[in-house]
Structure formats: C-alpha cells, structure tokens
Amino acid sequence: MNLFYTILIYLVDFALKIIAFFNKKIKLGVNGRKQTFKILNNHLSEADKKIWFHCASLGEYEQGLPVFNELRLAYPNHKIVLSFFSPSGFEIRKNAPFADVVVYLPLDTISNAKRFLNIVNPELTVFVKYEIWPNFLNEIKRRNHRAILISAVFRENQSFFKWYGKHTKKALFAFEHIFTQNTKSKKLLESINYSSVTVSGDTRFDRVTNQLKQDNTIDFISKFKSDNLCVVVGSSWPEDEKLIVNYINNHASETTKFIIAPHNIKKSQIENLKRSITKSCVLYTEKNNETIASNQVLILNTIGLLTKVYSYADVAYVGGAMGTTGLHNTLEAAVFGVPIIIGKNHEKFPEAQRMIDNMGLVSIKNQEELNSSLKDFIENIEKRSLFGANNKTFINKNAGAVIQILNYLRI
C-alpha cells in the first residue's frame, strides 16, 4: 500500500504539471512548490525554535486562525511556519501577520517530508480539519515530534475506517491528540483504537465571536442600506445567483436592499451578473458615496469585506450549497443574529443541520422555496427576530474550542 501511495503521488505530481499549462490556479501551486525549500532556507536557521501550522486552503486557515493567533501570543520567540496545499489559501494569506514564513506544502513524498522537516524541525505541528498526509505524518512520528489535529471531522466512508485504509489509518496515530468537532468523529476514531481524542467543537465559533470585538462599521454600506431592510448574499456561485436575481427582478419590494458578494470576482462573471439584474445596481468599484443610496443592489466585486457586511444584514443567504462547490461559512452571518437561507447540498456541513434543527437556518431546493423563505423573513419580523436570536445563541453556546486546545498544549 505504501508503494501504491508513493506511485500515486508521483502520478499526481506529473498530472499537475501538465494541467498547469492550461489552468492558472494549478500553475500557481506548481510554481509555488518549486520555491518552498528555498524560502524556508532563507528565513529559518537551525537555532530557531519553530511551530508549524498547516492548512489545506482558506477555509481551514480561517478555522485554525484563533488557535494560531493565541499560540503566536503565547510563544513570541518561536518562528511560525504556515503552509498551504491550495493556491486559494496561499495566494490570499501569504502575508498572514502572525507567520514568519508562508509556503506551499511540498507533495507528500518521503524525500520531501524528510527535507521539509530537516529544515523546519518544529517543536509543535498543528494540522487543521481534514489534512492527513501519511508520509509527512509518519516522518513526524519517527522523529518523535509533537503534532495535533484540530477541528477534525470524520465520516464513516473515509479510508481510515475501511479495510483498505491501513496506510492512512497509521498516519492518524502520528497525532498525539485529535480535537474533533463532534461526538460522532470521536466514536469513529475510537472504533480504530485511537483514544487520545477530545470533542472540543469547531474553532470557527471562536473565530466569528472575535468578529464582534472589532469595529464592523463600513461607511458606504451604511449609506447604501440607510433605513431599509437589507438582504446580504455571501459567497454566491452562479447557481445561487440565478435564484437570487430572479427574486430581485420579479418579487423584491423597492424598499428592500440587496448586497451580493460573489465568490468569484472575475470581471466577466461580475459583468454578466450585473447585466442580469433589472433593478438599479452598482458595483463596489463604481460606487460613489453620494449616490450609492439611490441603488437597490450593490455587488461587491472585491474581497475582504463580507465578514463585516454581514453586520448590516437583516436576512442572509450563504452560497455554495445550491450547487456542488460546498457551503460557505454560515457562522460568519449567524454571529450577528441574522436568519440564514442556504441551498440544498449541505450534508457535509454538520453545523448547517444543527442550525436548521435550532430554527436559525432554512435550506431551500428551488426558486419557489427561495421566494417563499425570503418573503417570509422580510415580511414577518417576529420570525426574522426568532431565527436571528436562535443563531446568536447557537454561536455563544458552541464557542470555547480554542481554550480547550490551549489548555492541552504545553510546549
């Protein structure tokens, strides 16, 4: 199995290099990995004390950030190495303020693992959620390095719990402790005799709670919304936007404002989105603070504002689950006490079902259900307030994972 895995990794390496000729995102990753060891050698010395954080992509980074920040404060004399596998994480967070070095993780070969760990030699390694790279983890264990996995979620159909998953299962035992989001994940780990596990919950609850400590005021959003009810559509994909635009064009009252923050802000896609809207519409890059309030729809063709924009929402629609790209972070809206609507494909996001059960979130399957849910929230202030309050309570009850993790760690 080890040989098969190694062959597979080299085949993936070859395939990525071919695809890179045609895909800009893949090319960023391929070229970035070529620079990893050079960057590490230029910024680290053997005498440095180091902590290594690894995330697959941007979502895992946001999940781990509360822990990363606290460890940065607790160990100011350590150098922090942050690695990503995906360009969507690295390219957006390559200047992460808490990290001394940010790199792409090399592909999971035995030689890469040894070379990487020879340079980094971390006193502590923190992986987030799904990241299980057998060769890196086996090398960490061979060297008796400390490693933990945080905010982990496991499912029965994963290879760790199958007869053919011996190689990946072994890698789990490189972690001295695993902090899971739920009891089901803990039971799955215990079924393979992994017992050093704590149900700490999801660190994203701590992450979004910290958002309330910031100043979330955005002047131009305040002017745009004015005294109107506002629907914020966050991290939308075309499947989401098709339904939202239909509602705006055919059912929305002129007194209801809409802010749409697409996940993809490519110029062509933004232009197509704006053209599809028949109501008065303005882009972030076109805004004029004196006239912005005269528009009914604002499209945020920029990144970095959404977490604050949710504070202006009376109703939020969080994208990704109408198609197959994956539901985006519903907790960012929930922390502001906002009722939430999402699409139908949320099976891999347990917090969504918990919020549905808690009467804070509604999942819709089609245009008719979207129209009905939006109309209900917009017109029924009591229901809107109830769902929003339920979401706020849900966030408050589930915060605290970071404290449990920090209490465990003693470097």
Side-chain angles (χ1 to χ4, degrees), residues 221 224-265 269-284 292-301 305-306 309-330 332-334 336 338-346 352 355-356 359-388 391:
I221 298 291
F224 171 77
K225 179 180 179 179
S226 189
D227 295 324
N228 297 286
L229 186 142
C230 184
V231 177
V232 174
V233 180
S235 299
S236 59
W237 290 80
E239 299 92 341
D240 306 298
E241 291 156 8
K242 180 180 179 181
L243 304 185
I244 293 294
V245 169
N246 183 286
Y247 181 88
I248 293 172
N249 290 345
N250 298 300
H251 304 283
S253 162
E254 292 182 1
T255 59
T256 302
K257 296 287 186 104
F258 292 83
I259 300 174
I260 305 176
H263 177 79
N264 188 336
I265 57 171
Q269 185 165 322
I270 293 296
E271 289 175 348
N272 288 337
L273 175 59
K274 185 180 180 183
R275 279 196 298 267
S276 69
I277 297 171
T278 58
K279 302 294 178 71
S280 57
C281 178
V282 63
L283 303 182
Y284 166 81
I292 193 170
S294 63
N295 291 276
Q296 187 171 358
V297 183
L298 169 62
I299 299 175
L300 298 178
N301 55 336
L305 294 178
L306 183 57
V309 170
Y310 277 133
S311 70
Y312 290 87
D314 295 287
V315 181
Y317 178 101
V318 179
M322 204 62 217
T324 58
T325 51
L327 176 65
H328 289 274
N329 193 343
T330 53
E332 291 179 340
F336 292 107
V338 178
I340 298 169
I341 301 171
I342 64 170
K344 56 190 176 182
N345 299 316
H346 56 80
M355 292 166 77
I356 291 172
M359 290 183 64
L361 183 151
V362 173
S363 172
I364 56 99
K365 299 183 183 66
N366 51 44
Q367 185 74 59
E368 183 179 356
E369 291 186 5
L370 173 72
N371 294 349
S372 175
S373 296
L374 266 180
K375 183 176 185 292
D376 203 10
F377 280 134
I378 289 170
E379 296 181 357
N380 189 336
I381 188 171
E382 291 183 358
K383 182 174 182 178
R384 193 166 72 237
S385 298
L386 172 64
F387 273 61
N391 278 340

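Not measured: the values here are computed from a predicted model.
- Atom NE2 in H263 sits 9.5 Å away from atom CD in Q269 (nearest 0.5 Å).
- N249 places a side-chain N or O within donor-acceptor distance of the main-chain N or O of S276, the cut-off being under 3.5 Å.
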Kindly indicate, with the supporting measurements, whether the criterion side-chain contact (heavy atoms from CB on, under 4.5 Å) is fulfilled by N329 and V318.
CA-CA 7 Å; N329 193 343; V318 179; over 6 Å; no
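- With sequence neighbours excluded, no residue forms a ring pair (Phe, Tyr, Trp, His ring centres under 6.0 Å) with F258.
- In this structure, A352 and H346 approach most closely via the heavy-atom pair CB-CB, 4.1 Å.
- Proximity of I221 to L298: side-chain heavy atoms (C-beta onward) are separated by under 4.5 Å at one or more points.
- Of the inter-residue distances, the one linking R384 atom CZ with D376 atom CG reads 10.5 Å to the nearest 0.5 angstrom.
- Proximity of N246 to L370: side-chain heavy atoms (C-beta onward) are nowhere separated by under 4.5 Å.
- Here N371 contributes atom CG and N250 contributes atom CG; the two are 8.5 Å apart, rounded to the nearest 0.5 Å.
- Contact record, N345 with G323: ND2-O, 2.8 Å, taken as the closest heavy-atom pair.
- Within the 3.5 Å criterion, the main-chain N or O of K225 finds a donor-acceptor partner in the side chain of N228.
- Between the side chain of K279 and the main chain of K257, no donor-acceptor pair closer than 3.5 Å is present.
- If you take CD1 on I341 and CD1 on I364, they are separated by 7.5 Å, rounding to the nearest 0.5 Å.
- The shortest non-hydrogen separation linking P262 to L300 is CD-O, 3.6 Å.
- Residue-environment remark: CG (L386) exceeds the threshold of 12 foreign heavy atoms within 6.0 Å.
- Between the side chain of D240 and the backbone N or O of G320 there is at least one donor-acceptor pair closer than 3.5 Å.
- Around atom NZ of K242, no more than 12 heavy atoms belonging to other residues, nucleotides or ligands sit under 6.0 Å away.
- Partner L273 forms a side chain to side chain contact (heavy atoms under 4.5 Å, CB included) with one of I265, V245, N264 and no other, that one being V245.
- Here the closest heavy-atom approach between residue L305 and residue Y284 is recorded as CD1-CE1, 3.9 Å.
- Under a 3.5 Å cut-off, the side chain of S253 and the backbone N or O of T255 do form a donor-acceptor pair.
- At distances below 3.5 Å, at least one donor-acceptor pair connects side-chain atoms of S280 with backbone N or O atoms of Q296.
- The minimum heavy-atom distance between L361 and S363, with the atom names listed, is CD2-N, 4.2 Å.
- The shortest non-hydrogen separation linking V338 to A313 is CG2-O, 3.6 Å.
- F387 places a side-chain heavy atom less than 4.5 Å from the side chain of V362.
- With rounding to the nearest 0.5 Å, the separation of OH in Y317 from CD1 in I342 is 8.5 Å.
- With rounding to the nearest 0.5 Å, the separation of CD1 in I259 from CG in N295 is 11.5 Å.
- The main-chain N or O of L283 is never found under 3.5 Å from a side-chain atom of N301 such that the two would form a donor-acceptor pair.
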Give the intermediate values and the outcome of side-chain contact (heavy atoms from CB on, under 4.5 Å) for residues L374 and T256.
CA-CA 11 Å; L374 266 180; T256 302; over 6 Å; no
Run the side-chain contact (heavy atoms from CB on, under 4.5 Å) check on V232 and L306 step by step: do they pass?
CA-CA 9 Å; V232 174; L306 183 57; 4.1 Å; yes
